[in-house]
**Q** 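One structure follows; several queries about it will come next.
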Amino acid sequence: MENSQGFVQHITAKSENYSQWYIDVILRAELADYSPVRGCMVIRPYGFGIWENIKELLDRRFKATGHKNAYFPLFIPESFLAKEAEHVEGFAPEVAWVTRAGNEELAEPLVVRPTSETIIGHMYSKWISSWRDLPVLINQWANVVRWEKTTRLFLRTSEFLWQEGHTCHRTQEEAEEETLKMLDVYRSFLTEDLAIPVLAGKKTEREKFAGAITTYCVEALMTDGRALQAGTSHNLGQNFAKVFDISFLDKDNQLKYVWQTSWGVSTRLIGGIIMVHGDERGLALPPRIAPIQVIVVPIMPPSSEETVLNVARDVVERLEKICRVELDSRDEYSPGWKFNEWELKGVPIRLEIGPRDIKAGKVVLVRRDTGEKTDVPMENLEDAVIDMLNSVQEGLYARAKRFMDENTHVTNDYGKFKAIIEEERGLIFAPWCGSQECEVSVKAETGATIRCIPMNACSKPGKCIHCGDDSTDWVYFAKAY
RNA sequence: CGGGGCGUAGCGUAGUUUGGCUAGCGCGCCUGCUUUGGGAGCAGGAGGUCGGAGGUUCAAAUCCUCUCGCCCCGACCA
């Protein structure tokens, strides 16, 4: 496939077939590949590099808010999952079972964790006995398994990587505070590090986590106009504390149940990055999480090959101190080929250096988001690279924010609502009466769901988009992944 | 899980309707030479049990049955 500019030849045009474009980008940029096991994917080194950067930056934010990492088992006794009624109902259809080891049937079947509330709850009940043991602030980086009927690379796979935070608190207020704090960690992480603007809000009863009192979320808008749930933070109340008997003696000598939270983001974020920032040329990675931030492409005609390579190596050596840089000195590919390849892979900055530059004492920087080329004197190298990395990070965010703003519609006319969902998609901010009947009907009639009730509630009175009764909230609707 | 489509070399495909000898082409790959500022050129070369299993037939990529996987559109979920 060749687009009008004649650059990218190996990926489907984004404008023609978004789904195929998405898959092509992942496979061609070598982020991931299909595995021999249905619904499972292999995350290749370049894709895993993105995940490693996500982990590092998020982990730093978790540590800064007082959390510590731990690891709980992959296998959970069947009986645990069954203890919380809503929880088991929510997850039962998609759990994988281990019923046999070698030739022996297990006395109690084990489930492969779809999430770890239950086994962590069990452990917490052993560890907590006094108000002095609280709060417990633990996170785990792990894989989980949910047997999915329809899978899509990164967005929904039967096994995926994520982090799940699980905390216990002395009071309801403290748990709510933690839930919102971690939601804000996600919000700031997505906006600052992934350059993805989000809506932060609360899920409706229907959309909330199985077993939670309240689920908060960050929702992002993909460039095809569909919303993606990018992260969730749950206030679990005392639901799990009661069934796993996580209790403590409080200051007033009363035995009380703890108040819990859990929160998570997954490798799905990588799908979000692709669909928010990617373009006709392929991936475009925010510098903060790009495995390679600067790719150095030497232009080396045989006569000056040694000279150019030596200067290029010096440049790499200088840049290694301030960013993630690599040298592409492969001789078997032409410079033009490399330009396209690294653009497809979304590297934020390309640094070109050839005989002409060396003569002039400069290098050429090309930014991925705009394609703009800049000559930079050799002595300003570090400053220019740092400035440009920041500028690309901001540029990607600004572009994504503009897209989200331009694709957020406000209406209380159901006819218009249907037309928007049908024709242009995007987010629709509309009044809602609060009833599940209307929520379900809207979904059945348009395919759109309530993505969230925004945090800073809109107090403007309105009439429900569906039934016309007085609204309780203005909410965001969208078709979602 | 329902409806539709597709599996032929690493990738993209022709051939399948109407069975027939050695399965053709492009890209990529290997070797050599020339090249190098937006996917370089020439020459030579390697690579296939046609997704898998069974069946029909003198003969199967092609027909039949079953099965696995992927994609698209819906229903369900991070």
Side-chain angles (χ1 to χ4, degrees), chain A residues 1-2 5-12 17-24 27-28 33-41 90-95 114-115 143-164 186 203 206-210 215 217-220 227-234 262-272 281 297-305 308 329-344 350-358 360 363-364 366 371 373 375 443-444 447 449 479-481:
Chain A
M1 199 83 208
E2 192 164 326
Q5 291 157 308
F7 285 115
V8 180
Q9 299 183 331
H10 299 283
I11 59 175
T12 300
N17 186 341
Y18 197 85
S19 301
Q20 195 58 49
W21 167 85
Y22 175 77
I23 292 161
D24 286 352
L27 297 179
R28 284 279 300 127
D33 202 353
Y34 291 104
S35 77
V37 180
R38 187 202 131 83
C40 294
M41 68 188 276
F91 283 103
E94 50 189 28
V95 294
T115 179
N143 58 339
V144 285
V145 169
R146 297 179 189 177
W147 218 257
E148 298 288 351
K149 290 169 189 155
T150 327
T151 57
R152 282 163 81 81
L153 294 170
F154 286 115
L155 298 177
R156 180 166 305 108
T157 45
S158 294
E159 178 191 11
F160 57 94
L161 305 182
W162 77 342
Q163 62 63 220
E164 46 180 328
Y186 290 151
K203 284 292 185 193
R206 209 183 104 82
E207 299 276 335
K208 74 172 194 193
F209 175 74
T215 290
C217 63
V218 283
E219 293 278 330
L228 181 76
Q229 179 173 307
T232 47
S233 183
H234 316 291
S262 70
W263 26 273
V265 299
S266 72
T267 36
R268 171 181 261 196
L269 287 175
I270 296 174
R281 294 189 191 186
V297 179
I299 287 98
M300 32 186 196
S303 55
S304 48
E305 182 170 332
V308 172
S329 60
R330 291 175 295 178
D331 198 35
E332 61 270 29
Y333 294 106
S334 69
W337 192 93
K338 293 176 184 176
F339 296 169
N340 285 287
E341 186 71 1
W342 292 113
E343 278 169 7
L344 170 66
R350 175 173 78 246
L351 189 156
E352 299 175 18
I353 183 157
R356 296 208 298 264
D357 303 302
I358 293 174
V363 298
V364 179
V366 187
K373 295 190 176 191
D375 284 346
K443 179 167 187 196
T449 49
K479 278 202 177 182
Y481 272 98

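The sequence lines fix the lettering, A, B, ..., with proteins before strands; numbering per chain opens at 1.
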**Q** In whole angstrom, what separates A:N17's CG from B:C72's C1'?
**A** 8 Å
**Q** Can you list the steps and then say if A:R350 with A:E341 is a salt bridge (Lys or Arg N to Asp or Glu O under 4.0 Å)?
**A** CA-CA 11 Å; A:R350 175 173 78 246; A:E341 186 71 1; over 6 Å; no
**Q** I want to check one thing: is the phosphate of B:G28, taken as OP1 and OP2, less than 4.0 Å away from some side-chain N or O of A:Y333?
**A** no
**Q** How is A:Q229 classified with respect to the nucleic acid when contacts are heavy atoms under 4.0 Å: base, sugar-phosphate, or nothing?
**A** sugar-phosphate
**Q** Rounding to an integer number of Å, can you tell me how far A:E148 CD sits from B:G74 C1'?
**A** 16 Å
**Q** Between A:Q163 and A:V265, which heavy-atom pair has the shortest distance, and what is it?
**A** OE1-N, 2.8 Å
**Q** Looking only at atom C1', what distance separates B:U67 and B:U31, rounded to whole Å?
**A** 43 Å
**Q** Quick check on RNA chain B: between A:T267 and A:K149, whose nearest nucleotide comes earlier from the 5' end?
**A** A:K149
**Q** Please state the P separation for the pair B:A59 and B:G54 - nearest whole angstrom.
**A** 16 Å
**Q** Classify A:L155 by what it touches in the nucleic acid, base, sugar-phosphate, or nothing, heavy-atom distance under 4.0 Å.
**A** base
**Q** Looking at A:R38 and B:G69, is any side-chain donor or acceptor paired with a base atom of the opposite kind under 3.5 Å?
**A** no
**Q** Using atom C1' of each nucleotide, how far apart are B:C30 and B:U8 to the nearest Å?
**A** 23 Å
**Q** Verify the contact: side-chain N or O of A:S334 to OP1 or OP2 of B:U36, cut-off strictly under 4.0 Å; return yes or no.
**A** no
**Q** Taking only distance into account, with no hydrogens and no angle test, what donor-acceptor pairs under 3.5 Å do side-chain atoms of residues 144-153 of chain A form with protein atoms, sequence neighbours excluded?
**A**
from: A:R146; atom 1: NE; to: A:P114; atom 2: O; distance (Å): 2.8
from: A:R146; atom 1: NH2; to: A:P114; atom 2: O; distance (Å): 2.8

**Q** Between B:C21 and B:G2, how far apart are the P atoms? Round to whole Å, please.
**A** 40 Å
**Q** Please report the distance separating the P of B:C6 from the corresponding atom of B:U17, rounded so that it comes out in whole Å.
**A** 15 Å
**Q** Using OP1 and OP2 only, check whether a side-chain N or O of A:R152 sits under 4.0 Å from B:C72.
**A** yes
**Q** Would you measure the distance from the P atom in B:G44 across to the matching atom in B:G26 and give it in whole Å?
**A** 13 Å
**Q** Could you state the CD-P distance from A:E332 to B:U31, rounded to the nearest angstrom?
**A** 10 Å
**Q** According to a cutoff of under 5.5 Å between the ring centres and under 30° between the ring planes, does A:F339 stack with the base of B:G39?
**A** no
**Q** What integer number of Å spans the C1' atoms of B:G15 and B:C63?
**A** 16 Å
**Q** Parallel, tilted or perpendicular: which fits the ring planes of A:W263 and A:Y186, with parallel below 30° and perpendicular above 60°?
**A** perpendicular
**Q** Nearest-Å distance, CG (A:D331) to P (B:U31)?
**A** 13 Å
**Q** Specify the separation, in whole Å, of atom CD of A:E159 and atom C1' of B:A78.
**A** 14 Å
**Q** Would you say A:T232 reaches B:A78's phosphate, i.e. side-chain N/O to OP1/OP2 under 4.0 Å?
**A** no
**Q** Hey, is the side chain of A:Y34 poking within less than 4.0 Å of OP1 or OP2 on B:C71, counting only N and O atoms?
**A** yes
**Q** Using atom C1' in both nucleotides, what's the gap between B:A61 and B:G19 to the nearest angstrom?
**A** 10 Å
**Q** In whole angstroms, how far is the C1' atom of B:C73 from the OH atom of A:Y18?
**A** 18 Å
**Q** Think A:K443 has a side-chain N or O under 4.0 angstrom from the OP1 or OP2 of B:C76?
**A** yes
**Q** Under 3.5 Å for both distances, Watson-Crick or G-U wobble, that's the pair rule; now give the dot-bracket for RNA chain B, with | marking pairs to another strand and [ ] for crossing ones.
**A** ((((((((.[[[[.)....(...]]]].((((((.....)))))).....[[[[[..)....]]]]])))))))....
**Q** In whole angstroms, how far is the C1' atom of B:C72 from the CD1 atom of A:I23?
**A** 9 Å
**Q** Do the rings of A:Y333 and A:W337 sit parallel, tilted or perpendicular, given the 30° and 60° boundaries?
**A** parallel
**Q** Please state whether the base of B:A75 and the side chain of A:T150 form at least one donor-acceptor pair under 3.5 Å?
**A** yes
**Q** Give A:S35 one of three labels, base, sugar-phosphate or nothing, depending on what nucleic acid heavy atoms sit under 4.0 Å from its own.
**A** nothing
**Q** Between A:G39 and A:M300, who's closer to the 5' end of RNA chain B by nearest nucleotide?
**A** A:M300
**Q** Using whole Å, what does the distance between atom P of nucleotide B:C76 and atom CZ of A:F91 come to?
**A** 17 Å
**Q** Can you find a donor-acceptor N/O pair under 3.5 angstrom joining the side chain of A:R350 to the base of B:G38?
**A** yes
